[in-house]
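See structure below.
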Amino acid sequence: MDRFLIEGGHALQGTVKAGGSKNACLPILVASLLTDDSFVLHRVPNLRDVRTTLKILTALGKKVSFSDGTVHITADGNLKNSLPYELVKQMRASFWVAGPLLARFREAVIPLPGGCALGARPVDIHLKGFERLGAVCQNESGNVILSAKKLEPAKITLRFPSVGATQNLMMCAALIPGETVLENVAKEPEIDDVAAVLNKMGAEVASDDKGRLIIRGRHTLHGTEHTVVADRIESGSYMIAAAACRADVTVTDCVPEHNSILLEYLQEAGVPLDIGGNFVHVKPYCGSLKPMRIRTAPYPGFATDLQPQWMALMALAAGASEIDETIFENRFMAAPELVRMGADIVTEKTIAHINGVKELTGAHVMASDLRGGFSLLIAGLCAKGTTEIERIYHIDRGYENPEGKLNALGARITRYNPDKDEF
Ligand code: UD1
């Protein structure tokens with residue numbers, strides 16, 4: 001398995017270009033199941049989760065090609081309505097195929113995604129929504145069996161604004177003629193991108209003044225071509241990395257307003273920024289970094305997907321910081337590894353107490369999840385000495401060529417595989 005070796009302490013300077021959003025790509029690729037027409041998606045990052053989604057579409061009967069950031073999807077005979085566990089277990093977002101398959105076949109068999117590193121992560125909100133649309137959901141031998149004599153539009157209030165459930169229900173409702181109203185929905189920019197695609201396919205999806213999603217579904221939807229929105233989590237990760245290293249780095253091709261809270265917090269912490277229409281320039285600074293108390297929350301709150309990276313930054317602040325993780329119950333897995341690098345972090349249920357230290361030191365650490373893995377990369381970049389990160393396949397799930405992007409800024413990161421005994 002690949003590892004990163006990072007020589008810390010090298011000055012970073014230059015520009016880094018944001019890629020297309022992983023979390024928008026996954027549901028949008030799945031939306032191709034709503035039609036037999038051709039479906040073209042641009043600015044698709046070459047990531048493990050994207051490749052897993054393409055395998056899922058192929059397993060379901062689609063013909064898929066992916067090159068130079070563009071995915072072409074066409075029908076290849078009959079579409080299937082069940083998915084093997086082998087694919088679902090690789091990625092929780094596989095469950096997002098349930099909505100489109102239910103809408104097309106009135107029946108679908110999807111293995112339950114099960115637990116994952118971030119906690120239990122159930123799918124009850126998705127299933128409650130499908131039931132409101134007329135489906136019966138049964139759990140048999142680890143599979144969810146969805147069936148419906150007829151699907152009807154409905155008014156559905158989500159118990160929590162789940163991102164995945166909002167997307168799954170939007171996709172299902174887009175193929176149910178009539179008006180479905182979703183209340184207490186997620187408001188992440190990725191939801192808007194899915195809505196834009198469904199609109200291009202012939203459905204009508206819009207938010208009303210109460211923040212509800214109104215979906216006017218159609219009997220059939222047609223193919224489309226779309227360019228994915230910038231990845232605010234990837235962009236934010238590089239901004240935090242630059243801030244932690246006191247670097248002079250501009251993240252380009254991003255949407256700064258999608259990172260509003262992060263930008264506000266960075267400035268409050270003392271990191272000078274120049275914010276443009278589609279770039280953020282993180283400027284070098286000499287003073288100390290101010291410790292902060294933050295909590296994660298659904299968008300537009302502080303993204304849970306940037307929390308571990310923020311933790312690496314606050315590990316270097318001048319004083320005591322706190323993070324309250326309100327979205328996932330088990331999202332401090334990077335903390336003990338950061339402690340191995342000299343950070344002073346104590347976690348207590350959903351709260352992390354961070355006492356800033358003057359410097360971090362290189363260590364041999366292990367990534368346990370995607371964003372936590374990137375926080376170790378940030379720590380390694382500013383640490384004294386060499387850091388070795390194992391299990392970087394977690395990082396590869398969500399960051400395209402991170403060592404290439406960071407090395408172009410002046411970092412010294414080597415990817416190597418000890419099993420192959422070569423550099
Ligand atoms: C998506 C993102 C992920 C991000 C998360 C929260 C993708 C592919 N993944 O994940 O990167 O961290 O949003 O911003 O877009 N929950 C339930 N029942 C459900 C669904 C969710 O209890 O049916 C809970 C989850 O356990 C979690 C919380 O709701 O505690 C948020 O989950 P959700 O918004 O659904 O996250 P995902 O869509 O899985």
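Side-chain atoms are counted along with the backbone in the values below, which use heavy atoms only and exclude waters and symmetry mates. Whatever order the structure lists them in is the order used to number ligands and atoms, beginning at 1. On a predicted model such as this, the values are computed, not experimentally measured, just so you know.
Note that CD1 of Ile6 is 13.5 Å distant from CZ of Arg412, once rounded to the nearest 0.5 Å. Trp96 CH2 to Met171 CE: the interatomic distance, rounded to the nearest 0.5 Å, is 9.0 Å. To the nearest 0.5 Å, atoms CE (Met311) and CD1 (Ile323) are separated by 4.5 Å.
Using a 4.0 Å cut-off to heavy atoms of Thr304, the atoms of ligand 1 that qualify are 6 (C), 12 (O), 14 (O). Ligand 1 places these atoms under 4.0 Å from at least one heavy atom of His126: 23 (O). In the vicinity of Ile327, heavy-atom distances shorter than 4.0 Å reach the ligand 1 atoms 27 (C), 28 (C), 30 (O), 31 (C). Those atoms of ligand 1 with a heavy atom of Arg331 less than 4.0 angstrom away are 12 (O). Set against the non-hydrogen atoms of Trp96, the atoms of ligand 1 under 4.0 Å away are 38 (O), 39 (O). Ligand 1 places these atoms under 4.0 Å from at least one heavy atom of Phe160: 28 (C), 29 (O), 31 (C).
Between Arg218 and Glu204 there is a salt bridge, with a side-chain nitrogen of the basic residue lying less than 4.0 Å from a carboxylate oxygen of the acidic one. The pair Arg51-Asp396 does not count as a salt bridge, with every side-chain nitrogen at least 4.0 angstrom from each carboxylate oxygen. We find that Arg331 and Asp305 are joined by a salt bridge, their nearest charged nitrogen and carboxylate oxygen being less than 4.0 Å apart.
Taking only nitrogen or oxygen atoms, main chain and side chain alike, Lys22 does not reach within less than 3.5 Å of ligand 1. Considering both main-chain and side-chain atoms, Pro161 never comes within under 3.5 Å of ligand 1 through any nitrogen or oxygen pair. Residue Glu188 has no N or O atom closer than 3.5 Å to an N or O atom of ligand 1. Looking at ligand 1, you won't find any N or O of Phe328 less than 3.5 Å from one of its N or O atoms. Polar contact check, Pro122 against ligand 1: a nitrogen or oxygen pair lies under 3.5 Å apart. Close N/O approach between Asp305 and ligand 1 is found [any backbone or side-chain N/O within under 3.5 Å]. The shortest N or O to N or O distance between Gly164 and ligand 1 is under 3.5 Å. Checked by distance only, ligand 1 and Arg159 come closer than 3.5 Å through their nitrogen or oxygen atoms.
Asp231 places no side-chain N or O within 3.5 Å of a backbone atom of Gly19 that could act as its donor or acceptor partner. With hydrogens and angles ignored, the 3.5 Å screen pairs no side-chain donor or acceptor of Asn143 with any backbone N or O of Ile145.
Across Leu26, Asp49, Asn23, heavy-atom proximity to atom 9 (N) of ligand 1 is greatest for Asn23. Closest to atom 39 (O) of ligand 1 by heavy atom, among Arg92, Glu329, Met91, Gln307, is Arg92.
For the side-chain hydrogen bond (donor to acceptor under 3.5 Å, both in side chains) criterion with Tyr399, the lone passing option out of Lys22, His394, Arg371, Arg48 is Arg371.
Across every non-hydrogen atom of Ala135 and Leu102, the tightest pair is CB-CD2, 3.8 Å. Minimum interatomic distance between Lys149 and Arg106 (heavy atoms only, all atoms of both residues): O-CD, 4.3 Å.
Ligand 1 lies out of reach of Ala165, whose nearest heavy atom is not under 4.0 Å from it. Residue contacts with ligand 1: Tyr299 is excluded, as none of its non-hydrogen atoms falls under 4.0 Å. Ligand 1 does not have Glu325 within reach: every non-hydrogen atom of the residue lies 4.0 Å or more from it.
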